[in-house]
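I have placed the structure first, in the form of structure tokens, so that the comments after it can refer back to it.
Order of appearance sets the numbers: ligands from 1, and atoms from 1 within every ligand. Note that these values count all heavy atoms, side chains included, but never hydrogens, waters or copies made by symmetry.
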Amino acid sequence: MSFYHGALETISREDLESLQLERLKELVDRALKTDFYKEKLKQKGINSGSDIKSLKDIEKISFTSKNDLREAFPYGLLAVDKKDVCRLHASSGTTGIPTVIYHTKEDINTWTGLLSRSLAATGCSSDDVIQNMMTYGLFTGGLGVHYAAEELGMMVIPASSGNTKKQITMLKDFGATVVHATPSYLLHLYVKLEEAGIKPSDLKLKKALVGAEPHSEDVRLKIQELYGMDVYNSYGLSEMNGPGVAFECEEKNGMHLWEDSFLLEIIDPETGEVLPEGEEGELVLSTLTRQATPLLRYRTRDLTRIIPGSCSCGRTHRRLARIKGRSDDMLIINGVNVFPSQIEEVIMSLKEMGNNYQIIVQKAGALDKLIVKTEVTAEVFTDDTRDLEKLKKKIVENLSASIFIKPVIELHESGSLPVYEGKAVRVFDER
Ligand code: AMP
Ligand code: ZN
């Protein structure tokens with residue numbers, strides 16, 4: 001079991017909380033230097049970090065949303081002199097105004113440290129070769145993990161995303177032992193490996209670090225089984241640097257959220273009320289260490305809960321359960337709330353299913369119609385039509401038992417549904 005920041009990763013809860021309080025005060029002082037927070041904090045009677053007396057005092061501060069970041073574009077949230085900024089990352093949204101996060105050199109070092117401890121927690125070391133299949137550029141997945149892998153002395157192949165043929169050639173040529181990719185891309189890559197007649201046993205892969213999009217436990221199990229490698233869940237968002245917010249350790253039982261850098265709260269997304277530990281709600285994070293772009297009580301929109309109890313790896317930072325989806329992902333179909341993750345769970349638990357699916361919602365007169373298109377394995381696809389009808393019936397039964405809606409099922413040939421280089425797009429609400 002290897003630790004990168006041993007003492008910090010196993011710090012006692014008491015010491016961790018006093019470190020958090022000290023850092024929260026510093027965060028408030030930094031936020032007061034930004035145009036965005038200055039007025040907001042003063043209105044609440046907070047004129048200095050010393051007005052924060054306990055961690056609970058954070059509840060006096062208003063939430064920050066993605067929209068606030070857009071309103072503060074381009075420099076309203078910058079807390080340092082521009083000459084001290086060494087990099088920015090941005091994520092584009094549907095509105096056209098990107099959300100931008102600036103970093104000082106120290107911020108990049110802190111982020112690299114958080115990811116180095118994350119990679120070390122999955123057992124990565126200088127013995128490993130990592131093929132980084134996440135996009136390099138404004139997106140954080142490429143460069144973020146790149147720096148940490150180098151820090152750990154791993155050999156990094158900065159492959160970036162896409163170009164599957166080339167990815168396969170590099171896997172063969174350089175013998176990567178670790179890959180960093182979205183889970184949907186690894187499922188797609190497997191189909192392409194099969195087409196090229198390459199078996200995972202011909203490669204050197206031992207583990208995959210997957211994240212950037214919601215995926216069920218069944219998807220993890222499927223990737224593990226297909227490739228014969230360990231798959232670790234990685235959670236992050238560009239507003240909190242990117243990957244390296246929470247990561248699974250070798251126990252693979254929830255993601256340790258690095259609480260010395262991120263103060264976490266779980267709230268009721270409807271009321272904004274802070275929920276008791278263990279209850280499911282929206283994750284809210286504050287940047288305890290970032291210098292250039294401080295964020296207080298940022299609403300991630302991601303739904304999760306804290307896993308109670310301690311982890312046998314010895315790390316004391318609390319663990320997040322797999323992200324269920326985003327509060328803004330929820331579909332209301334004929335009045336019933338449905339998360340795409342519930343549909344994925346059912347589909348991926350069936351052995352006949354292939355590696356890709358789509359969820360489409362349409363208007364059918366006054367009602368809503370749910371269509372689930374799913375790929376099936378090559379053996380199943382060539383079966384008798386009666387067998388295919390039976391399979392469709394089984395999927396409808398399993399889905400309606402879980403989401404209380406009867407969908408229309410379309411079965412597709414393996415590899416025929418569209419794939420995306422970055423995050424998978426699988427839900428199409430056409431109403
Ligand atoms: P971005 O800011 O573009 O990196 O997107 C961040 C968002 O991706 C998060 O807020 C989540 O909704 C999603 N995401 C990232 N990692 C995971 C993960 N491991 N599981 C589920 N969703 C994730
Ligand atoms: Zn652990």
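Ring geometry, H89 versus H103: the interplanar angle exceeds 60°, so the pair is classed perpendicular (tilted spans 30 to 60°). The aromatic rings of Y185 and H188 lie tilted to each other, with the angle between the two planes from 30° to 60°.
At least one heavy atom of K423 sits under 4.0 Å from some atom of ligand 1.
Short contacts between ligand 1 and S234, defined as distances under 4.0 Å to a heavy atom of the residue, involve ligand atoms 16 (N), 17 (C), 18 (C), 19 (N). For ligand 1, the atoms lying closer than 4.0 Å to a non-hydrogen atom of N233 are 18 (C), 19 (N).
Using a 4.0 Å cut-off between charged nitrogen and carboxylate oxygen, K206 and D127 do not count as a salt-bridge pair. Salt-bridge formation is detected for the pair K192/E195: a Lys NZ or Arg NE/NH1/NH2 atom is positioned less than 4.0 Å from an Asp or Glu carboxylate oxygen. Salt bridge status for E251 with R319: absent, with no side-chain N to carboxylate O gap under 4.0 Å.
With a heavy-atom cut-off of 4.0 Å, L237 touches ligand 1 through backbone and side chain alike. By the criterion of a heavy-atom distance under 4.0 Å, the side chain of R326, and not its backbone, is placed next to ligand 1. Of the heavy atoms in E213, only backbone atoms (N, CA, C, O) come closer than 4.0 Å to ligand 1. The residue P243 has no part lying near ligand 1, judged by heavy-atom distances below 4.0 Å.
Polar contact with ligand 1: present for S238 (N/O pair, distance under 3.5 Å). Inclusion of H215 in the set of residues having an N or O under 3.5 Å from an N or O of ligand 1 is not warranted. In terms of polar-atom proximity, T300 is not counted as a contact of ligand 1, lacking any N or O under 3.5 Å from an N or O of the ligand.
Atoms SG of C311 and SG of C249, as seen from the Zn ion (ligand 2), are separated by an angle of 110°, to the nearest 10°.
Looking at R290 and R30, their side chains never come closer than 4.5 Å, going by heavy atoms from C-beta outward. For the pair M330/F339, a side-chain contact is recorded, criterion being any heavy-atom separation below 4.5 Å from C-beta on.
Taking the N/O/S atoms of H256 in turn, the shortest distance to the Zn ion (ligand 2) belongs to NE2.
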Distance-only check: which donor-acceptor pairs under 3.5 Å involve side-chain atoms of residues 138-151, not counting sequence neighbours?
{"unit_1": "H146", "atom_1": "ND1", "unit_2": "Y136", "atom_2": "OH", "d": "2.8"}
{"unit_1": "H146", "atom_1": "NE2", "unit_2": "E150", "atom_2": "OE2", "d": "2.8"}
{"unit_1": "Y147", "atom_1": "OH", "unit_2": "R87", "atom_2": "NH2", "d": "3.3"}
{"unit_1": "E151", "atom_1": "OE2", "unit_2": "Y4", "atom_2": "OH", "d": "2.5"}

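By heavy-atom distance, the residue among A212, S341, A90 lying nearest atom 14 (N) of ligand 1 is A212.
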Kindly indicate, with the supporting measurements, whether the criterion side-chain hydrogen bond (donor to acceptor under 3.5 Å, both in side chains) is fulfilled by S184 and E213. CA-CA 8 Å; S184 56; E213 61 187 20; 2.7 Å; yes
